[in-house]
There are 2 protein chains.
Amino acid sequence: MSLLNDLRDLVRPDAIITEPRELEGFTEDWRGRYHGPAACVVRPGSTEEVAAVVAACACHGVPILPQGGKTSLCGGAIPAEDGPAPVIINLDRMRRIRSVDPVTNAMVVEAGAILATVQQAARDAGRYYPVSLGAEGSCQIGGTIATNAGGTSVLRYGNTRDNVLGLEAVLPDGTIWSSLKGLRKDNTGYDLKHLLIGSEGTLGVITAACLKLHPLPSRSSVAWLAVAGVNAALELLGRFQEGGAGRLSGFELMNRLQHDLVMTKVPDRRSPLEGQHDWHLLIELSDAGGPDDLNAVMEDLLAPAFEDGLVLDAVIAASDAQRATLWEIRHSVSEANKKGGMGLTTDCAVPISAIAAFIAEASDAVHAIVPELPIIIVAHLGDGNVHFIPFFPFEGWTGPDAGEGRGAQVRQAVNDIAIRLGGTFSAEHGVGRVSLAEMARYKPASELRLMWAVKNALDPAGLMNPGRLLPPPA
Amino acid sequence: MSLLNDLRDLVRPDAIITEPRELEGFTEDWRGRYHGPAACVVRPGSTEEVAAVVAACACHGVPILPQGGKTSLCGGAIPAEDGPAPVIINLDRMRRIRSVDPVTNAMVVEAGAILATVQQAARDAGRYYPVSLGAEGSCQIGGTIATNAGGTSVLRYGNTRDNVLGLEAVLPDGTIWSSLKGLRKDNTGYDLKHLLIGSEGTLGVITAACLKLHPLPSRSSVAWLAVAGVNAALELLGRFQEGGAGRLSGFELMNRLQHDLVMTKVPDRRSPLEGQHDWHLLIELSDAGGPDDLNAVMEDLLAPAFEDGLVLDAVIAASDAQRATLWEIRHSVSEANKKGGMGLTTDCAVPISAIAAFIAEASDAVHAIVPELPIIIVAHLGDGNVHFIPFFPFEGWTGPDAGEGRGAQVRQAVNDIAIRLGGTFSAEHGVGRVSLAEMARYKPASELRLMWAVKNALDPAGLMNPGRLLPPPA
């Protein structure tokens with residue numbers, strides 16, 4: 001293959017992987033649900049090498065699949081089973097922290113840096129990079145940007161999109177576009193950065209980013225609550241947004257099934273509360289300064305909520321270790337669910353005012369299709385983002401069309417309700433391959449035409465991660 | 001003119017303006033610097049009417065100029081002197097507040113609503129729309145979105161871009177694109193909203209927006225300070241960002257000339273401090289809840305700063321009226337400068353760590369060209385956004401090429417330094433017509449090519465606000 005010969009001239013020999021056994025680590029996602037063949041994997045060591053590899057692929061007309069930590073839940077960074085096998089560009093060798101500027105509150109990192117490493121580098125400079133999610137120990141910062149990752153801190157700090165000041169990327173023709181300025185304000189033409197963020201590798205390869213840093217929270221209060229129901233949790237959300245002012249930094253709901261799966265499937269997890277409860281809520285307040293004792297603020301907000309019957313039981317962490325333990329429960333849900341069964345993970349967001357209706361109506365709709373099917377609910381409640389997960393047992397599961405297509409039917413019923421309530425079918429996970437049908441079903445034709453116009457303008461040959469994000473034009 | 005006949009079928013008779021005297025109000029900007037002829041002005045009453053008008057113009061090949069309150073400082077919403085005269089679509093009749101949802105913290109407003117009206121509608125619902133700027137009494141929300149307006153609250157709440165959840169717009173072919181969902185998270189394809197925000201009318205006509213609301217600050221503390229210099233102000237910024245936690249909501253610097261112009265040119269403004277001072281600083285802390293007495297927090301942060309010689313004098317407002325009075329000084333700078341002379345307004349932002357160097361080096365560069373030329377400095381310091389304004393007297397001013405081109409020379413010298421320090425030539429004002437040369441000079445060719453690719457994909461006939469934002473392709 002002459003492309004392979006060309007690539008061997010561009011990167012060092014051990015940066016090209018062609019051995020089938022070695023390729024396996026790059027052609028399957030973390031959950032083991034998606035597989036597909038690759039022409040080869042290239043692991044460039046610099047932006048210039050990425051540019052050269054992309055240019056070579058473009059020259060040979062071979063598709064390019066930019067890849068990070070493969071922790072996406074949508075299969076967007078795994079090759080398709082059919083079609084021409086792509087060259088996978090994995091960024092894991094580009095993981096330098098190029099600079100940290102605590103005065104400007106900005107840091108420049110390469111795309112392959114692990115999210116947890118980025119968080120730590122910020123902390124080492126007395127600053128905070130807020131994006132936090134279950135896969136932070138293995139996902140790459142470039143992947144979080146390409147998918148506009150959400151997570152548990154969106155309520156206070158926004159999505160990944162809101163924490164990126166600048167980007168460096170290789171465009172589909174091999175050009176390097178660099179705009180790594182650490183500016184809060186820059187109104188000079190179209191915001192190309194926001195176009196690339198969330199584009200899932202279909203418009204270019206992100207090679208580095210300038211990230212926004214925040215003051216490092218120096219105190220926090222974390223509580224684990226049993227609450228009376230979804231409406232009680234929403235009432236609490238309003239009270240904490242008002243009374244907790246800007247200090248509310250976490251508000252995570254889970255139902256009993258989710259709680260129990262974590263306790264039974266993940267080693268060393270213990271329930272914070274005695275007894276059985278239908279609804280669990282994690283609340284975090286945090287602050288970088290000020291005279292407040294945040295546990296006192298937490299208690300002041302919780303006391304009347306007990307009296308009003310919103311809260312049934314609660315524990316407030318007494319130490320950093322206890323706070324970490326409570327968060328570990330929340331961050332263990334993906335692992336627990338992977339081990340416990342086949343969850344039809346949905347990722348809807350609806351307006352906050354429609355959350356209770358969404359959960360009630362979606363539950364009814366699912367049970368009309370599969371009576372008594374267990375449902376996991378784990379929600380970033382403050383963002384309106386509800387992971388509503390109909391949960392099939394492993395036994396008898398043969399894919400989303402299992403049981404006479406009921407899997408696909410169930411997923412569509414849930415998404416239909418979210419859309420009807422003014423919501424979305426993908427709040428934070430993205431589209432990848434798993435939600436292409438939803439894109440075609442729910443997006444107005446005018447919007448898909450616009451997206452294709454942008455795609456064709458930037459990637460006229462259609463080589464960047466083809467078959468992902470956008471459904472085929474109508 | 002057959003287009004005019006077509007338009008008369010689409011909107012009510014008094015919504016089309018062709019009388020030269022009536023047109024004048026739409027063909028000159030607020031400062032009276034830019035003028036240009038229009039084919040006519042159309043004032044549609046609905047999104048459907050905007051769509052029909054755009055489709056008619058597209059059919060006749062006549063350019064379209066979307067227009068808001070005309071308070072831009074860059075001439076982007078005023079017709080060019082040459083080229084085909086555009087149809088101006090002014091949105092001032094579309095000014096409804098369509099909905100306010102205080103639970104979801106979102107409101108839907110039409111593009112022609114005045115910013116101050118939007119702010120008040122949010123307050124009436126117990127919520128806060130944070131974007132605030134001098135022209136808020138006359139600028140339209142659609143214009144603030146089309147230009148991604150900044151202002152005095154960016155430090156805490158971000159730019160306009162960060163406060164828009166969804167958009168409705170008419171695309172260049174007359175299609176209506178509507179995505180007014182009040183969602184915090186929506187990862188379903190390219191973020192077209194961010195492409196339209198800041199596109200200055202070159203990609204479509206924004207007709208409505210879903211805005212993000214925040215808790216209404218229930219307490220605040222505002223101080224006016226004389227500080228020892230720019231470095232003292234930057235040291236204070238760091239201390240307030242740490243110690244004020246998330247409560248810092250305003251940090252505005254001005255030099256003596258700016259202060260004195262406000263006092264002498266704007267009626268009813270009084271200096272908050274005795275004596276003469278070289279550098280003035282307004283600091284605001286605000287909060288939506290919590291037990292704090294914010295004046296006490298302010299005093300605690302200022303006391304050591306006095307001892308350290310950073311602060312020379314200070315007054316803390318004792319009432320809402322006094323707080324408003326201090327802010328009025330800041331919001332009067334545009335009026336003062338318009339009356340006082342010909343300011344070569346620049347709008348640079350640099351990384352915070354480079355602000356002091358920028359002001360020092362730009363001052364030297366200006367004085368190397370025009371010795372002793374007065375310079376206004378008024379800065380959103382926390383954003384790194386410095387309005388560095390070489391200030392020519394009215395006498396003898398004949399345009400930017402006055403005095404053997406020294407005006408243009410001066411502006412370029414300032415921008416060159418900002419760019420060299422990792423900054424931008426337009427932080428919040430945008431490009432319009434005034435910064436086209438800077439776009440050509442400072443933007444990498446690869447970036448301009450990308451922008452033109454997007455422009456041509458969405459507006460292949462080039463009819464949307466031609467000659468603005470993008471310099472002609474090289």
Side-chain angles (χ1 to χ4, degrees), chain A residues 101 103-104 106 147-148 150 154 159 162 175 177 181-192 194-195 198-199 215 241-246 287-290 292 349 351-353 383-385 422-431 439 443 446-447 450-451 453-454 456-458 469-470, chain B residues 101 103-104 106 147-148 150 154 159 162 175 177 181-192 194-195 198-199 215 241-246 287-290 292 349 351-353 383-385 422-431 439 443 446-447 450-451 453-454 456-458 469-470:
Chain A
D101 179 349
V103 175
T104 297
T147 59
N148 184 31
V154 176
N159 297 288
D162 304 301
T175 311
W177 170 61
K181 295 176 174 178
L183 302 176
R184 255 60 185 172
K185 288 171 147 181
D186 188 5
N187 276 348
T188 54
Y190 306 142
D191 200 316
L192 302 172
H194 278 300
L195 201 52
S199 67
Q241 282 178 324
E242 300 270 334
D287 208 342
D292 298 339
I352 309 286
S353 53
D383 314 324
N385 183 190
T424 178
F425 57 91
S426 180
E428 59 175 6
H429 292 172
V431 175
M439 286 291 280
K443 284 280 176 186
S446 62
E447 192 164 330
L450 266 179
M451 289 187 193
V454 169
N456 290 332
L458 270 62
L469 188 76
L470 286 170
Chain B
D101 179 349
V103 174
T104 297
T147 59
N148 184 29
V154 176
N159 296 287
D162 304 301
T175 312
W177 170 62
K181 295 176 175 177
L183 302 176
R184 256 59 184 172
K185 288 172 147 179
D186 188 5
N187 276 349
T188 54
Y190 305 142
D191 199 316
L192 302 170
H194 278 301
L195 200 51
S199 67
Q241 282 178 324
E242 300 269 335
D287 208 343
D292 297 338
I352 309 286
S353 52
D383 316 323
N385 183 190
T424 178
F425 57 90
S426 181
E428 60 175 5
H429 291 172
V431 176
M439 286 290 280
K443 283 280 176 187
S446 61
E447 191 165 332
L450 266 179
M451 290 188 192
V454 169
N456 290 332
L458 270 62
L469 187 75
L470 286 170

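Labels below follow one simple rule: chain letters A, B, ... track the order of the sequence lines, proteins then strands, and each chain is numbered from 1.
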Heavy atoms only: give me the nearest [X]-[Y] pair and the separation to one decimal.
X: B:G423; Y: A:K181; answer: O-NZ, 2.7 Å
X: A:N187; Y: B:E428; answer: ND2-O, 3.1 Å
X: A:K185; Y: B:N385; answer: NZ-OD1, 2.9 Å
X: A:A453; Y: B:A457; answer: O-CB, 3.5 Å

Interchain contact, [X] with chain B, by part (heavy-atom threshold 4.5 Å):
X: A:V154; answer: side chain
X: A:S353; answer: both
X: A:M451; answer: both
X: A:D101; answer: side chain

- Message: I'd like to verify something: which residue of B:G422, B:G182, B:A427 has the highest number of heavy-atom pairs under 4.5 Å with chain A?
- Response: B:A427
- Message: Can you confirm whether the side chains of A:S426 and B:T188 place a donor and an acceptor under 3.5 Å from each other?
- Response: no
- For each of A:T147, A:D162, A:L450, tally heavy-atom pairs with chain B at distances under 4.5 Å, and name the one with the top tally. A:L450
- Query: Do you know which of A:G384, A:P351, A:G198, A:S446 has the most heavy-atom pairs under 4.5 Å to chain B?
  - Reply: A:P351
- Within the distance-only criterion (no hydrogens, no angle test), does the side chain of B:N159 pair as donor or acceptor with the backbone N or O of A:R184 below 3.5 angstrom? yes
- Main-chain N/O of B:L183 paired to A:D383 side chain as donor or acceptor, under 3.5 Å: no
- Task: Drop me the distance from A:T424's OG1 to B:D186's CG, to the nearest 0.5 angstrom.
- Result: 3.5 Å
- Task: Quick one: pull up CG in B:L195 and CG in A:L192 and give me the separation to the nearest 0.5 Å.
- Result: 8.0 Å
